[in-house]
Amino acid sequence: MAGNTRIGHDARAAATGTLDAALRDGRLDLAEYERRLVVVQAAKVRKDLTPVIADLPGGSGRPGPGLRISAADRERALVRLADALTDGRMEASAHADAEALLNRAVTYADLDAVVGNLDAKASHAERDQAVARIEAAVAGGLLDPAEQHDRVAAVRRATTDAQLAALVADLPAGSGPGRSPRASNADREAVAAQLHDAVEAGVLDLAEFDERVRAVYAARWRDELSRLVADLPQPAPPTAFPAAPPADLPPRKPPSFEAGVTAAKVAGFGMFPMIGIVIVLGMAGLAAAAIVVGAGWAVVFTGLLVWAKRTTTAAIAAESSSHAGDPVQPLPIEEATWVGVDPAGWTPRTRTLGAHKGGLVAVTTLLLPDGIPLAITGGRDNTAKVWDLTDDSLRHTLSGHTHDVQGVAAMVLPDGVPVAVTVSPDRTARVWDLRDGSQRGAPVQPGFEPDEVKCLSLADGTPVAVVHNVSEGIRWWDLRDNKVLGKVADSSYDTFVDGMYAVVLPDGTPVALATGWEGPIKALDLKTGKTRFELLGHTHPVRAIDTTVLPDGTPVAVSVSGDKTIRVWDLRSRTLRHTVAGLIETQHAVVCTTLPDGIPVAVTCDWERNTAVWDLRDGSSLPSRLELWGDILSAIALPDRTLVLGLSDDDGAAAVHALA
């Protein structure tokens, strides 16, 4: 038999070489090596060598389940284990046990038992992508908020890719044109309208109509809806009608510097005769009349001075803005030459959208249902402009306001129609269809001095616009029919609100986070008008505020203040999470967004071109080369990049930066 064949020096040398290679690779320790070497030297026949080298790869180094692992393979497995801990595929409590098993592993089978299934585990990024798909489905009406809560909780508990895939299998894979088998609100409304038409045409009787309508609103899948109208005539395509021209208010006269100076002179010269009248009345024993006349003149005097200051300031600003677009003759420069420059110090070229005449006042962004990113800008030329951020082209100019467009906001309605809302000192708020740039309905009257607007969806899916009015509090209305829903007039914030951000709390309550000159951040309940809670900590006026939701589901607000701090607030526990202190300049703008790798960040800037990016998970600073300035910021997160918009060198145009 071959096993009983006697061996010579060559066979023993080959076995010894295999043992030497195994010792160098870390497959054998020194004690095991010496023990096996003794067996090799004493071997007489081939079967004596077999148990000594059977679990070693030999000269090929080829691994197998029963072969001993090398030190390098063990290190690679430990690195994979550490990566799994970092990206969330393994819990910290299980990592220590798995690391101990790897250190004790002898064969490749032992190694595979520990790290062989890591690729099938769910990571943080994969969970975040699943949550994003669920949130997009809620925004599109495919899921209700209650089911969103249950699915997000299940996603956070999921440990494998298969479990995640099962939780989002019936949802669209992204924001593109892909269709989900689930029925959305718009799908149900379309089928209900088709049933109404069938009743009017005599195709269905009322009893069957009632039965089918109940089935429509109970349906969760598109094929269920299709079966309900499969036997009905298909509706004719709608006829397009021209949109009614927007109703404009007559323009007000531009502010006059001379009128302001005249008012100040009248107040000054009128003060002396009125003092004389008050003295004469007092000496005549008419003290009550003197007090009434003096108090009345004080009110008139103060009103004239305030009006004079506002008028002259507005006139100076208007005069400056009228020359903002004048061409500037470039200075002659010598031919450029190359010098030694560190490529790491290069600043990427800034994209700039087209300019507004007179200056840029507001900017917001919106991702359309087909995945196209838009920017909507408001300017001092009484218009808002809609830009396609894929090529920076102008889509629409929204004309209708007779004064500056002070605030812009945008959202996608439950029926899939993208809209923008603009507010202006002409005392109107207008809603625009972003598909064709037409105005939807008559202008809304939001009060005397509207200057800021936000859009949000309530817990029941109702789309609303919330407007901050400088002198008349906060008003909000339903964007589907422009019906006013209420007004909030907090006694201490009526005329001194410096900023406002509308948000829905985790319990479903819609609130406006109002920032006062000297007071705390107040959460004003939009339905009751009462203060739900206050965020205390800033010692100077809050300049700006924004909100977002962290990857773990925690809703947060980020505020910047004149006390040169940035504070991150937990809106669920209503406590302070992080404080960024030690800033050189006061930050005047903040916007929250997400990087392509899922990191939630806040971008802030001041008037000195100091722009910073902060990790909202721990408040740490992230590297950035942005150079934005002023009090205008917006951002949009795309699958492959994040764009931040703000003021450019031309204060009438918006700059677009890719956040690296």
#### Entry: Chi angles and distances behind the salt bridge (charged side-chain N to carboxylate O under 4.0 Å, His left out) call for D481, K483
CA-CA 5 Å; D481 55 9; K483 178 183 178 181; over 6 Å; no
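Considering only heavy atoms from C-beta on, L616 comes within 4.5 Å of T548 through its side chain. Considering only heavy atoms from C-beta on, R617 comes within 4.5 Å of P600 through its side chain. Within the 4.5 Å cutoff, side-chain heavy atoms of I545 are placed close to those of S559. For the pair W569/I521, a side-chain contact is recorded, criterion being any heavy-atom separation below 4.5 Å from C-beta on. In this structure, L456 and V503 have side chains that are not in contact, with every pair of non-hydrogen atoms separated by 4.5 Å or more. With a 4.5 Å cut-off on side-chain heavy atoms, R577 and T554 count as touching.
Using a distance-only test at 3.5 Å, with no hydrogens or angles considered, a donor-acceptor pair links the side chain of S424 to the main chain of H403. The backbone N or O of L628 sits less than 3.5 Å from a side-chain atom of T611, completing a donor-acceptor pair. Between the side chain of W387 and the backbone N or O of H396, no donor-acceptor pair lies under 3.5 Å. With hydrogens and angles ignored, the 3.5 Å screen pairs a side-chain donor or acceptor of R127 with a backbone N or O of A122. Listed for the W476 side chain is a donor-acceptor partner under 3.5 Å among the backbone atoms of L526. With hydrogens and angles ignored, the 3.5 Å screen pairs no side-chain donor or acceptor of R543 with any backbone N or O of T586. Under the 3.5 Å distance criterion, the side-chain polar atoms of R351 are matched with a main-chain donor or acceptor of L389. Looking at Q129, its side chain never comes within 3.5 Å of a backbone N or O of V131 through a donor-acceptor pair. Here the side chain of D415 pairs a donor or acceptor atom with the backbone of V417 at under 3.5 angstrom. Checking side-chain atoms of T365 against main-chain N and O of A635 turns up a donor-acceptor pair under 3.5 Å.
When each of D426, N382, D381 is paired with H401, the side chain to side chain donor-acceptor pair (under 3.5 Å) condition holds for D426 and for no other.
Residue D650 holds its CG atom at 11.0 Å from NE2 of H356, rounded to the nearest 0.5 Å. The CG atom of D606 sits 5.5 Å away from atom CD of E585, with the distance rounded to the nearest 0.5 Å.
Salt-bridge check for D546 with K454: failed, with every basic side-chain N at 4.0 Å or more from each acidic carboxylate O.
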